[in-house]
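Both counts, for ligands and for their atoms, begin at 1 and track the order of listing.
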Amino acid sequence: MSELEALEQRALAELQVCADEAALRAWNTHYLKGELDRAVKMVGSLPPAERPIYGKRANEVKKKLNEAYETAAAAEKERALERSLTSDALDVTLPGRPARRGRLHVSTQTLRSIYAIFADLGFQIYRSSEVEDDETNFGLLNMPEHHPARDMWDTFHTTKPGVLLRTHTSPGQIHVMRELCPQPIRVILPGMCYRYEAITMRSEIMFHQVEGLAIGERVTMADLKGTLIAFARRLFGDQRKVRIRSSYFPFTEPSIEVDMDCIVCSGEGCGLCKRSGWLEILGAGMVHPVVLRNGGYDPERFSGFAFGMGPERIAMLTYAIDDIRQFWSNDLRFLQQFGA
Ligand code: DAH
C-alpha cells in the first residue's frame with residue numbers, strides 16, 4: 001500500500017516537470033502503462049483479505065493519474081498551438097506570389113494563326129513523317145536522280161541509303177494524294193524540315209513549313225491567287241496587296257513566287273523590304289502533271305495548286321525579327337516577348 005502511495009506522489013511530481021509532448025508521452029509509457037499497470041496487477045498476489053482495500057486504492061490512483069495526464073496533455077496542446085502561432089506568424093496583408101505562366105513558342109503561335117485561316121477556307125491539316133525516302137522527297141516530285149534542281153535543297157542523309165530528313169513538306173503531297181485519290185483534296189501539311197546548311201542570320205538547319213495542296217476537276221491559277229490573297233489579308237491586314245512573279249519549282253508548272261507589299265512601309269521602300277516595297281512570302285504553282293500522276297490522279301481530268309511557306313519567315317516579317325537563329329536558341333528574353 002505504501003508503495004502505491006509513493007508511486008502516486010512520484011508520478012504526480014514528475015508530471016509537473018514534463019515540458020513538452022515527448023516528455024508527456026514518455027511519462028505515460030513509464031507510469032500509466034508501466035509502473036501503475038504493474039501495481040494494479042499486484043492485487044492478485046495479496047492475501048484475499050487485503051485485496052479489496054488495495055484494489056480500491058489502486059483504482060483511485062489510476063483514475064487520478066489518468067485525469068492528471070489528460071489535463072497536462074490538454075494544457076501542453078494549448079501551449080504548442082500558442083508556440084506555432086507565434087513562430088509561424090502569417091502576414092495576411094502580404095501580396096500573393098503570382099504563379100508564373102508559360103507561353104507558346106512564337107513559331108507555334110504563328111503556325112496556329114496559319115491553321116486557323118486555312119481552316120476557315122476549308123483546308124484540313126494532314127501530317128506526314130519528318131523522315132522520308134529519297135524517292136518521295138525528290139523523285140516523285142519530278143526530280144529524278146541527278147536532276148540539277150536537287151541542288152536547291154542541301155540534304156541530311158541518314159546512315160540508311162535512300163533515307164533522309166525531308167528538306168521540305170512537299171513530299172507530303174504525294175502521301176495525301178495516294179491516300180485520298182480520286183477524291184478532291186484541300187489540305188495543308190505543316191511540319192519541321194531540315195537542310196544541311198551553314199547556320200546564319202538568314203538560314204537554319206531546321207525550320208517549319210506549311211505546304212498547301214488543292215486538287216479537283218477544275219482547280220485553276222485563279223483559285224490559287226484568290227486563296228493566297230485571302231490568306232495574306234487575314235494574316236497581315238485587309239489592305240495587303242499581293243504580287244505574283246514567275247519562278248521555277250520542279251513540282252509545279254507554271255511556278256510562281258508570291259510577294260506582298262511591305263508591312264512596314266506599305267510599298268514605299270524601307271530597310272525590311274530592302275527598298276523594293278515587296279516581301280517574299282511563299283512559293284507556289286499549279287501541280288505538275290507528272291506529280292499528279294505520281295499521286296494517282298489523271299492530269300487530263302484533274303488539276304491542282306500547291307504552295308509552301310515558312311512560318312519562321314512569316315514571324316520574322318510580322319515581328320521584325322532579324323536573326324532566324326533566335327528561334328531555336330531558347331533565349332527566354334527572346335521567347336518572352338511573344339505573349340499569349
Ligand atoms: N518546297 C518548296 C521549298 O521548300 C516550297 C514550295 C514551292 C512548295 C512551290 C510548293 C510549291 O508546294 O508549289 O522551297
*Begin from the C-alpha positions of Phe307 and Phe118 and carry the test ring pair (Phe, Tyr, Trp, His ring centres under 6.0 Å) through to its verdict.*
CA-CA 12 Å; Phe307 56 84; Phe118 283 107; 5.2 Å; yes
Can you tell me the protein heavy atom closest to [atom] and the distance?
atom                    : answer
atom 5 (C) of ligand 1  : Gly308 CA, 4.2 Å
atom 14 (O) of ligand 1 : Trp153 NE1, 3.7 Å
atom 12 (O) of ligand 1 : Glu211 OE2, 2.6 Å

*When you check the gap from the basic side-chain N to the acidic O, do Arg83 and Glu78 get nearer than 4.0 Å?*
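Looking at Arg83 and Glu78, the cut-off is not met.
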*Using 4.0 Å as the upper bound for N to carboxylate O, is an ion pair formed by Arg10 and Glu3?*
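Result for this pair is no, no salt bridge flagged.
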Contact atoms of ligand 1, heavy-atom distance to [X] under 4.0 Å:
X      : answer
Thr252 : 13 (O)
Phe249 : 7 (C), 9 (C)
Gly285 : 13 (O)
Ser170 : 1 (N), 8 (C)
Gln209 : 3 (C), 4 (O)

*Taking the side chain as every heavy atom from C-beta outward, state whether Phe236 and Ile263 have any atom pair closer than 4.5 Å.*
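When only atoms from C-beta onward are counted, Ile263 and Phe236 do touch, with a gap below 4.5 Å.
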*So among Leu235, Ile114, Val258, which one has a side chain to side chain contact (heavy atoms under 4.5 Å, CB included) with Met309?*
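The side chain to side chain contact (heavy atoms under 4.5 Å, CB included) with Met309 is passed solely by Ile114 among Leu235, Ile114, Val258.
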*Where does Ala306 meet ligand 1, judged by heavy-atom distances below 4.0 Å: at the side chain, the backbone, both, or neither?*
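It is both parts that get close, each with some atom under 4.0 Å.
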*Heavy atom under 4.0 Å from ligand 1: found in Met286's side chain, backbone, both, or neither?*
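For Met286, there is no contact with ligand 1 at all, from either part.
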*Go through Phe138 and His146 one step at a time and tell me if the ring pair (Phe, Tyr, Trp, His ring centres under 6.0 Å) criterion holds.*
CA-CA 10 Å; Phe138 293 117; His146 308 301; over 10 Å; no
*asked:* Between Tyr194 and Phe156 (judged by ring centroids, cut-off 6.0 Å), do the two rings come close enough to count as a pair?
replied: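 Not under 6.0 Å, so no.
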*Quick check: does His168 get an N/O under 3.5 Å from an N/O on ligand 1?*
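Such a contact does occur with ligand 1.
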*At what distance, to the nearest 0.5 angstrom, does OG of Ser170 lie from CZ of Phe249?*
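One gets 8.5 Å once the value is rounded to the nearest 0.5 Å.
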Report yes or no: does a heavy atom of [X] sit under 4.0 Å from some atom of ligand 1?
X      : value
Arg195 : yes
Gln173 : yes
Phe305 : no

_Donor-acceptor pair, side chain of His105 and main chain of Trp328, under 3.5 angstrom_ =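 No, His105 side chain to Trp328 backbone: no donor-acceptor pair under 3.5 Å.
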